[in-house]
**Student:** 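One structure, pasted below without further comment.
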Amino acid sequence: MKQVLTAALLGIVLLTGAGCRAPEASTSDASRALPAADVNPTPRDRVVNGGTLRWPLPEFPSQWNTNHVNGAKGAVEHVIQGVLPYLMRADEKAVPHPVPEYLESATLKPTRHGQTVTYRLNPRAKWSDGRPLGYADFRAQAHALSGRDPRYEVSTVTGYRQIERVQRGADEHAVEVTFSHKYSDWQSLFSPLYPAAAYASPRAFNMGWMGRLPVTAGPFRFQRIDQTAKTVTLVRNPAWWGAPAKLDRIVYRTMDTSAMPGAFANGEIDLMDIGLDADALQRVQESAAPPCGERRAGLAELHVQRGRTRPVRRPGASGGHARHRPARDRAIRPVRPRRTCPDARQPLLRQHPG
């Protein structure tokens, strides 16, 4: 039984169970049959609680500030999306919507030359140090990523350099962000949102998240980093104000990408990103499909955020198959075990990175 977190669907590979293959369609027929979205939604009450997801990473990050020039890596975002606020969630049509656990609403108001966005935060949303999410977090992040102070070693200033000012709204749970010019991709900003202390000074920004995740606010919380085993462990956050995560924990394990297909086939990891590696896809197709009648625990959720894709996994310590589902609450949703193979395609994880 496993679970995942993730971002926008760019591609999904579907694998067929051994001995249960449907008749092969021609390339042209298959292309015409591809749906615009393939999400396989599953009711939360059908998802089993518990389990550990073993998630491989291609490298072992030392910088956990994803907005730092050395932290702008997919491996970093795989981990932090479970423990930091992402304010927007994309639906199956890639349309962003506020994530209610963090954001009740986000209202865009055009001005003469620019625009103002008013964020209405969830009053229950709090950092692990007990402080509520608020204006100070937005202000510190906007300043650090504006590019106005070169001491902040930022990976990009896109969007943030257009911010003219950040101010408190009608109350402590409202934040107004004013842009000097029109910026159509404003919904991608402040995701993830870091606590104000993390961006309060150049030193805090550049060094404060080296080898640690000191403050979090998500359905999972940071447990430990094992420098020897090169693993990062997240566990379910008992203080999370939303629906509890389905997984007990997620263990991120560093390994060479060339070793991932074999590790997946051997049941050492529960998901992998095929990307554009045709050889890896072939190895998985040849070794990972379960025979008909074998019981497997399935996983069915992929999270969508900011138009980027993240994995989904193959659940169950004994294996299993996963299908992607758009959503970005970072919960993980194992599907009930099945004893028989479907008549046609049986999905196994997969997605292309954004």
Side-chain angles (χ1 to χ4, degrees), residues 1-7 9-21 38 40 51-61 73-75 77-79 81-82 226 229-234 246-292 294-303 309-325 332-335 337-338 341-342 345-354:
M1 296 173 292
K2 310 310 184 202
Q3 201 166 346
V4 224
L5 327 106
T6 244
L9 299 178
L10 296 182
I12 299 175
V13 176
L14 299 179
L15 304 185
T16 304
C20 305
R21 297 183 181 277
D38 186 7
N40 188 32
T52 297
L53 176 67
R54 298 166 299 175
W55 189 325
L57 296 178
E59 59 183 310
F60 190 60
K73 302 176 180 180
E77 191 166 7
H78 284 332
V79 176
Q81 63 186 344
D226 188 325
K230 295 192 181 305
T231 61
V232 179
T233 302
L234 307 182
K246 288 291 183 174
L247 284 177
D248 291 325
R249 63 183 56 81
I250 303 174
V251 178
Y252 297 89
R253 172 186 169 191
T254 307
M255 65 172 58
D256 191 272
T257 54
S258 63
M260 290 182 187
F264 184 88
N266 294 332
E268 299 169 19
I269 57 177
D270 300 308
L271 75 121
M272 66 171 290
D273 180 3
I274 291 295
L276 301 176
D277 189 338
D279 292 335
L281 173 59
Q282 183 176 357
R283 290 182 64 186
V284 170
Q285 286 176 318
E286 291 175 348
S287 63
C292 288
E294 182 171 352
R295 185 184 182 113
R296 297 287 187 175
L299 190 58
E301 176 148 338
L302 181 91
H303 297 93
T309 302
R310 298 292 174 256
V312 179
R313 70 296 81 264
R314 157 172 122 176
S318 61
H321 297 288
R323 198 161 202 171
H324 302 225
R325 178 189 176 190
I332 285 78
R333 306 193 175 184
V335 175
R338 293 184 295 185
C341 291
R345 302 175 303 171
Q346 193 169 21
L348 230 182
L349 56 99
R350 310 327 171 238
Q351 116 288 349
H352 297 290

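For the single chain, residues carry numbers from 1 onward in sequence order. Both backbone and side-chain heavy atoms feed into the values below; hydrogens, waters and symmetry mates do not.
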**Student:** Could you check whether any side-chain heavy atom of Lys73 comes within less than 4.5 Å of a side-chain heavy atom of Pro58, counting everything from C-beta outward?
**Tutor:** no

**Student:** Give me the atom names and distance for the closest heavy-atom approach of Glu59 to Thr254.
**Tutor:** C-CG2, 3.5 Å

**Student:** Which residues satisfy the side-chain contact (heavy atoms from CB on, under 4.5 Å) test with Ala229, sequence neighbours excluded?
**Tutor:** Asp226, Thr231

**Student:** Quickly, which of Thr233, Leu57, Leu53 forms a side-chain contact (heavy atoms from CB on, under 4.5 Å) with Tyr252? Name it, please.
**Tutor:** Leu57

**Student:** Could you work out, with side-chain hydrogen bond (donor to acceptor under 3.5 Å, both in side chains) as the rule, every residue matching Arg249, not counting sequence neighbours?
**Tutor:** Thr52

**Student:** I'd like to check the side-chain contact (heavy atoms from CB on, under 4.5 Å) partners of Ser258; sequence neighbours left out, ordered by chain and number.
**Tutor:** Asp256

**Student:** Which heavy atom in Val232 sits nearest to a heavy atom in Phe60, and how many Å separate them?
**Tutor:** CG2-CE1, 4.0 Å

**Student:** Roughly how far, to the nearest 0.5 Å, is the CG atom of Asp279 from the CG atom of Leu276?
**Tutor:** 12.0 Å

**Student:** Grab the two heavy atoms, one from Ile269 and one from Arg253, that are nearest each other, plus how far apart they are.
**Tutor:** CG2-NH1, 4.4 Å

**Student:** Report the distance from atom CG of Leu271 to atom NE2 of His78, rounding to the nearest 0.5 Å.
**Tutor:** 8.0 Å

**Student:** Going from CD on Glu268 to CZ on Arg54, what distance comes out if it is rounded to the nearest 0.5 angstrom?
**Tutor:** 8.0 Å

